[in-house]
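Letters A, B, ... mirror the listed sequences (proteins, then strands); counts begin at 1.
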Amino acid sequence: MTSPPLQDNLRIIEEVKANFLVIYSTIELLDKELKNDIPPTSYEFISDNIKNTITYIKKELPKIYEQTKKNEMIFINSPLQMLFYKSNPEIIYSYRNNIREFSDQVRRQVDNLSLNIGKSLAAYILVYETLEKFGFKNPFILVESNDFTSQPLINYLLGEFKSLGPSPIPFNPSNVNIITYSGLDISSPLSLLIIGHEAFHIINENDKVFHNFCVENSIREDNRSKEAFVDMMSNLYFGPVYSYATFKYFQKTYPLSGESHPEMSTRLSILSYLNNQFNMLKYILKNILWTKEL
Amino acid sequence: MVDVMLLEKYTLASNIRRERYRLISGITALNLIQEGKFEDAEGYRQVFIEYKNIPIEELVQNLSFGFLPNSVNFRQLTEVASKLHEIADFLSEDLILIKSSDNIEKYPKVLVGLLNDLSPASR
């Protein structure tokens, strides 16, 4: 004997609600577990940046909760969506698993922030000093990953939620930058220069160097060109050793090219050209000095 | 070796989750449009239409990390990306036309199939 349709619907509603309850408790648990009482470090800016980041995440978590609540209401008020769920439970299971994975990732990365200070200390100081040389004090944190990138905190941690239907309350803007580094390469001194490249992305964003260059020279702004431009900025600041570090890094990296990065060979050619120009300059300067001695 | 897997997991996991959310949004939009709930569907529809702004090559790259490498080849991934563009084009049409089309019942099943295929990043 089959259940009447109404009862069947109620059963599905209960099942959907049970799945959403798991999502809510995951978010609540994450909020409780994120503690911002990190042990003091020798450099106050590191502790402050990490504390502010954790505070920001904790403040934004209720918005993910709100978004989930809205999705639940849409779901249980749509008979078709529920009927669809009955034969395709993946639609909720994926949602639930996503939130679990997100919580695991945030928890693990926040834990790593304090634990990894020792091995990323040199990188913290290099980025801080590079920014300071250009008069900037942008807050930033270094996050262990498998590659070197620089991006705003909001994109790095919360960007994925923008693709989940309408957001009831937008996330607050944050001025914290996330610089990710390859955990396997951080111990190599050359990798510090690759992190330096990421610092120049922050400088470029602050000063709009690439934008102004494009405007003055009537060049179309493009992410690929920007990447090469930031390479040149880094090379001019750190010197030819930056080119060597980039070359070594490219040798062991999965090819980085596409919408945001030009081909590795192009980037290296540009750096090589730049270094040659400087050699020429050095040659000219030496000759000028020589003629003075005559 | 364990370390390498752990690091890759975190970098790629958010990308995969973003794609999963977009697929869920697409299914929800299609179901709501089918019910005539156009206003509710709009937010879900818009985030799915964003697929049109992602070139096929980039989409293939985003998706390739989520599918098990041995089971899906480049040609199949391109087909998946093209299908997502096709559904995004469909969802960009007039809501009345979408509601009356035969595809409105077909596409949610296609999307749930992809959702199921996108492997958990922790696998």
Side-chain angles (χ1 to χ4, degrees), chain A residues 67 70-71 73-75 77-85 87-95 97-102 104-106 108-109 112 143-149 151 155-168 180-185 254-255 257-260, chain B residues 3-37 39-48 50-51 54-55 57-62 104-105 108-109 111-118 120-122:
Chain A
Q67 191 181 26
K70 186 165 183 175
N71 283 317
M73 294 318 290
I74 290 276
F75 211 101
N77 286 323
S78 160
L80 188 62
Q81 183 88 335
M82 287 214 293
L83 195 69
F84 189 81
Y85 160 78
S87 47
N88 305 284
E90 295 84 357
I91 188 171
I92 299 254
Y93 294 171
S94 283
Y95 192 165
N97 293 344
N98 267 8
I99 297 282
R100 281 177 167 169
E101 276 179 30
F102 164 79
D104 282 348
Q105 181 173 338
V106 171
R108 185 66 182 258
Q109 289 191 330
N112 281 357
V143 174
E144 184 177 295
S145 174
N146 68 331
D147 203 357
F148 297 90
T149 64
Q151 48 199 307
N155 288 358
Y156 182 75
L157 277 181
L158 307 172
E160 64 198 61
F161 292 100
K162 286 182 188 161
S163 58
L164 181 63
S167 171
T180 67
Y181 60 85
S182 158
L184 296 176
D185 296 318
Y254 182 81
S257 64
E259 283 288 301
S260 59
Chain B
D3 281 343
V4 177
M5 287 172 68
L6 200 68
L7 295 171
E8 285 188 350
K9 188 172 105 172
Y10 289 134
T11 304
L12 306 172
S14 339
N15 271 353
I16 303 299
R17 288 200 298 268
R18 193 187 55 218
E19 301 312 330
R20 283 204 213 111
Y21 282 143
R22 226 191 286 276
L23 294 175
I24 294 169
S25 295
I27 297 165
T28 308
L30 287 162
N31 284 337
L32 292 174
I33 293 170
Q34 211 177 334
E35 287 180 327
K37 294 178 177 168
E39 211 175 300
D40 286 340
E42 197 51 29
Y44 296 94
R45 181 169 88 120
Q46 287 307 326
V47 290
F48 195 87
E50 281 170 17
Y51 266 135
I54 309 173
E57 297 76 15
E58 197 180 328
L59 197 49
V60 165
Q61 206 169 6
N62 283 352
I104 196 152
E105 285 185 38
K109 289 179 188 130
L111 293 180
V112 89
L114 295 177
L115 193 63
N116 218 10
D117 285 344
L118 269 177
S122 53

S.K.: Quick one: which of A:V143, A:L83, A:I92, A:L80 has the most heavy-atom pairs under 4.5 Å with chain B, could you say?
M.R.: A:L80
S.K.: Side chain, backbone, both or neither: which part of A:I99 has a heavy atom under 4.5 Å from chain B?
M.R.: both
S.K.: Which atoms form the tightest heavy-atom contact between A:S163 and B:S25, and what is the distance?
M.R.: O-OG, 2.9 Å
S.K.: Counting only non-hydrogen atoms closer than 4.5 Å, does A:F84 touch chain B with its backbone (N, CA, C, O), its side chain (CB onward), both, or neither?
M.R.: side chain
S.K.: With respect to chain A, which residue among B:D40, B:L23, B:L32, B:I24 yields the maximal number of heavy-atom pairs within a distance under 4.5 Å?
M.R.: B:I24
S.K.: Looking at A:F102 and A:L157, what are the two nearest heavy atoms and their distance?
M.R.: CE1-O, 3.3 Å
S.K.: Count the heavy-atom pairs under 4.5 Å between each of B:R18, B:E35, B:K109, B:E57 and chain A, then report the option with the highest count.
M.R.: B:E35
S.K.: Can you confirm whether the side chains of A:E101 and A:Q105 place a donor and an acceptor under 3.5 Å from each other?
M.R.: no
S.K.: B:I27 versus chain A, heavy atoms under 4.5 Å apart: side chain, backbone, both or neither?
M.R.: both
S.K.: Contact between A:I91 and A:Q81 at the side-chain level, heavy atoms closer than 4.5 Å - yes or no?
M.R.: yes
S.K.: Could you have a look at B:K37, B:E42, B:R45 and say which one has the most heavy-atom pairs with chain A under 4.5 angstrom?
M.R.: B:K37
S.K.: For A:Y93 and B:N116, which I'm curious about, is there any donor-acceptor pair between the side chains at under 3.5 Å?
M.R.: no
S.K.: For A:T180 and A:S145, work out which heavy atoms get closest and say how close.
M.R.: CB-CB, 3.7 Å
S.K.: Which residue out of B:L111, B:N31, B:L30 racks up the most heavy-atom pairs below 4.5 Å with chain A?
M.R.: B:N31
